[in-house]
Amino acid sequence: RWQKLWFIRTRSLIEYFLLKPTNKMVGFIWRFYMNKDDLLKLLKELNFPKDQFYILSSGCLVFYNLRDMANDLDLCITENLFEQIKNKYDLNAEKKNKYGFYKLSDDIEVVVDSDEDFIDQFDLKDGYQVQKLSIIRDFKVKRGLPKDLVDVKKIDDYLNYKSLDM
């Protein structure tokens, strides 16, 4: 665990002092972890209507500034958006994983939600819809992995701070 944290924390120092951003090895190593700027770039490239999706999981925590990095970009999209993109990305039932996600690329996965269930699942952060922290917290408590418990503590601290701030 400490090795992974060390790797993530020293990334920016290594990039800044030792490596040029165009170095192929940097691209290979860093493509597994994305910061907020990387996520914003992916979202801009997707060019999806902002009211037709919201950001999930680790990407969401990056937008709340509760994590520095995300492994990938997971999105919940409306049925309407799914209909618009399914041919472009060749999305069909066989391409859905056991959790209901479709893989758009190595870095992006989407799950489809009905238009009715889509409402009231998100907050706005930096101009993007991101899943509500209370929903993420409930999921992580239920799943109970060690990394989830770390996130739950950060979410609780954030929510407690926000309630004091109001």
Side-chain angles (χ1 to χ4, degrees), residues 1 4 8 30-166:
R1 182 166 187 258
K4 184 176 181 182
I8 292 170
W30 303 151
R31 74 183 174 115
F32 299 112
Y33 295 97
M34 294 178 281
N35 63 24
K36 191 174 188 178
D37 290 336
D38 298 328
L39 295 175
L40 289 168
K41 182 180 174 187
L42 283 177
L43 289 167
K44 187 175 181 179
E45 289 171 3
L46 283 173
N47 197 29
F48 290 167
K50 288 184 180 181
D51 65 339
Q52 297 289 304
F53 72 90
Y54 60 91
I55 302 165
L56 301 169
S57 19
S58 61
C60 181
L61 294 176
V62 170
F63 273 80
Y64 279 104
N65 295 315
L66 297 177
R67 279 199 190 171
D68 295 328
M69 309 291 274
N71 298 341
D72 61 1
L73 179 60
D74 295 325
L75 302 175
C76 180
I77 65 172
T78 63
E79 292 171 329
N80 182 37
L81 181 56
F82 179 76
E83 289 302 317
Q84 294 175 37
I85 68 169
K86 68 180 182 181
N87 291 331
K88 178 180 179 179
Y89 293 99
D90 191 31
L91 304 177
N92 55 54
E94 294 83 39
K95 295 204 173 183
K96 193 187 305 187
N97 71 19
K98 65 182 179 178
Y99 302 108
F101 281 85
Y102 296 91
K103 190 174 192 119
L104 300 188
S105 71
D106 288 341
D107 298 322
I108 305 167
E109 292 185 343
V110 299
V111 65
V112 182
D113 204 353
S114 69
D115 294 343
E116 301 84 41
D117 292 335
F118 192 80
I119 306 297
D120 202 35
Q121 299 294 309
F122 52 83
D123 293 319
L124 286 175
K125 282 295 212 188
D126 300 316
Y128 287 94
Q129 298 178 149
V130 295
Q131 189 172 36
K132 288 185 175 185
L133 281 178
S134 59
I135 297 170
I136 297 169
R137 185 191 184 285
D138 292 346
F139 170 77
K140 288 183 172 286
V141 166
K142 188 181 288 185
R143 192 167 66 173
L145 297 175
K147 68 177 184 169
D148 291 336
L149 300 179
V150 171
D151 288 336
V152 167
K153 172 75 171 113
K154 288 180 182 180
I155 291 169
D156 286 345
D157 291 346
Y158 179 89
L159 293 174
N160 288 335
Y161 177 77
K162 285 304 239 185
S163 69
L164 294 174
D165 200 26
M166 294 181 158

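For the numbers below, each heavy atom of this structure counts, side chains included, while hydrogens, waters and symmetry mates do not. Given the structure is predicted, the values throughout are model-derived calculations rather than measurements.
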Do the side chains of [Y] and [X] get nearer than 4.5 Å, heavy atoms only?
X      : Y      : result
Val110 : Phe53  : no
Leu75  : Leu46  : yes
Tyr64  : Asp123 : yes
Asp156 : Lys153 : no
Leu73  : Leu39  : yes

List the atom of [X], the atom of [Y], and the distance in Å for their closest heavy-atom pair.
X      : Y      : result
Val62  : Asn35  : CG1-C, 4.3 Å
Tyr33  : Asp38  : O-OD2, 4.1 Å
Leu56  : Cys76  : CD1-N, 3.7 Å
Asp51  : Phe118 : O-CE2, 3.7 Å
Cys60  : Ile136 : SG-CD1, 3.3 Å
Val111 : Gly100 : CG2-O, 3.4 Å

For Tyr54 and Phe122, take the angle between the two ring planes, folded into 0 to 90°, and tell me which bin it lands in: parallel under 30, tilted 30 to 60, perpendicular over 60. tilted

Rounded distance [0.5 Å steps], [atom1] in [X] versus [atom2] in [Y]:
X      : Y      : atom1 : atom2 : result
Lys36  : Leu43  : NZ    : CG    : 11.0 Å
Glu45  : Asp107 : CD    : CG    : 9.5 Å
Asn80  : Ile85  : CG    : CD1   : 10.5 Å
Ser134 : Leu159 : OG    : CG    : 7.5 Å
Lys95  : Leu104 : NZ    : CG    : 10.0 Å
Met34  : Leu40  : CE    : CG    : 11.5 Å

Between Asp148 and Lys142 (salt bridge meaning N to carboxylate O under 4.0 Å), is one present in this structure?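 Judged by the 4.0 Å cut-off on N to carboxylate O distance, Asp148 and Lys142 do not form a salt bridge.
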
Asp151 bridged to Lys147 by N-O distance under 4.0 Å: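 No, this pair does not count.
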
Go through the steps to decide whether Leu61 and Lys140 satisfy the test side-chain contact (heavy atoms from CB on, under 4.5 Å), and finish with yes or no. CA-CA 12 Å; Leu61 294 176; Lys140 288 183 172 286; 4.0 Å; yes

Would a distance-only check, ignoring hydrogens and angles, find a side-chain to backbone donor-acceptor pair under 3.5 Å from [X] to [Y]?
X      : Y      : result
Asp138 : Ile135 : no
Gln129 : Lys50  : yes
Lys154 : Leu66  : yes

Would you please test Asn65 and Tyr158 for side chain to side chain donor-acceptor pair (under 3.5 Å) and show each step? CA-CA 10 Å; Asn65 295 315; Tyr158 179 89; over 6 Å; no

Carefully, step by step, assess Val112 and Leu81 under the rule side-chain contact (heavy atoms from CB on, under 4.5 Å). CA-CA 9 Å; Val112 182; Leu81 181 56; over 6 Å; no

Step-by-step side-chain contact (heavy atoms from CB on, under 4.5 Å) determination, Asn97 to Glu109: CA-CA 10 Å; Asn97 71 19; Glu109 292 185 343; 4.1 Å; yes

For the pair Tyr102 and Tyr89, evaluate ring pair (Phe, Tyr, Trp, His ring centres under 6.0 Å) and give the outcome as yes or no after the intermediate values. CA-CA 9 Å; Tyr102 296 91; Tyr89 293 99; over 10 Å; no

